[in-house]
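Worksheet: one structure, shown below.
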Amino acid sequence: IGANYGAKYARKTCQILQLKPEQAQFYFGHGDTDVEHIKDIWRVIDTCELTEDEWRWMCHAAETAGKLYRQMYEEASQN
């Protein structure tokens, strides 16, 4: 999520709050970092032989993380 939306929301946050980009380094940096992290995550997942139950937990964790990230970005863009 950060890889896809981090920079977009960082720009929007800067615009709404009239911030300079260096004041929103977390958003910008986190999005950039996630681009590489997602590649690492897929490499690790590809090497694992997960059971169906483990895959269900992986999906649950990913969905939960996605919801939390979305809330964080939505709240930041509403203020």
Side-chain angles (χ1 to χ4, degrees):
I1 292 172
N4 290 332
Y5 301 107
K8 173 186 171 186
Y9 280 97
R11 283 190 298 277
K12 189 171 184 176
T13 299
C14 286
Q15 178 185 20
I16 291 168
L17 299 177
Q18 298 178 348
L19 299 173
K20 297 176 184 174
E22 53 269 13
Q23 292 174 297
Q25 286 180 334
F26 172 80
Y27 279 130
F28 283 111
H30 200 68
D32 293 342
T33 302
D34 281 356
V35 170
E36 290 304 313
H37 283 168
I38 194 67
K39 293 175 188 174
D40 294 336
I41 290 168
W42 280 117
R43 272 194 293 273
V44 170
I45 291 172
D46 284 343
T47 63
C48 295
E49 293 184 26
L50 301 176
T51 66
E52 282 197 35
D53 192 46
E54 291 169 326
W55 274 113
R56 279 193 290 278
W57 278 110
M58 288 279 289
C59 290
H60 174 71
E63 289 171 2
T64 300
K67 288 175 186 176
L68 294 173
Y69 268 103
R70 183 176 176 185
Q71 286 177 333
M72 179 181 73
Y73 287 124
E74 286 178 349
E75 287 179 19
S77 66
Q78 290 175 2
N79 295 321

Inset, instruction - Name all residues meeting the salt bridge (Lys or Arg N to Asp or Glu O under 4.0 Å) criterion together with Lys39; count only those two or more places apart in sequence or in a different chain, and write none if there are none. - result: Glu36
Inset, instruction - For Glu63, enumerate each residue passing the salt bridge (Lys or Arg N to Asp or Glu O under 4.0 Å) test, keeping only those at least two apart in sequence or located in another chain. - result: none
Inset, instruction - Identify whether the distance between the nearest side-chain nitrogen and carboxylate oxygen of Arg43 and Asp46 falls below 4.0 Å. - result: no
How long is the straight-line distance from [atom2] of [Y] back to [atom1] of [X], given to the nearest 0.5 Å?
| X | Y | atom1 | atom2 | value |
| --- | --- | --- | --- | --- |
| Gln71 | Glu74 | CD | CD | 7.5 Å |
| Cys14 | Gln23 | SG | CD | 7.5 Å |
| Asp40 | Ile45 | CG | CD1 | 11.0 Å |

Legend entry - Crowding at CD, Gln18 (>12 non-hydrogen neighbours, <6.0 Å): no
Which donor-acceptor pairs under 3.5 Å do side chains of residues 52-60 form with protein atoms, sequence neighbours excluded?
unit_1, atom_1, unit_2, atom_2, d
Glu54, OE1, Thr51, N, 2.7
Glu54, OE1, Thr51, OG1, 3.3

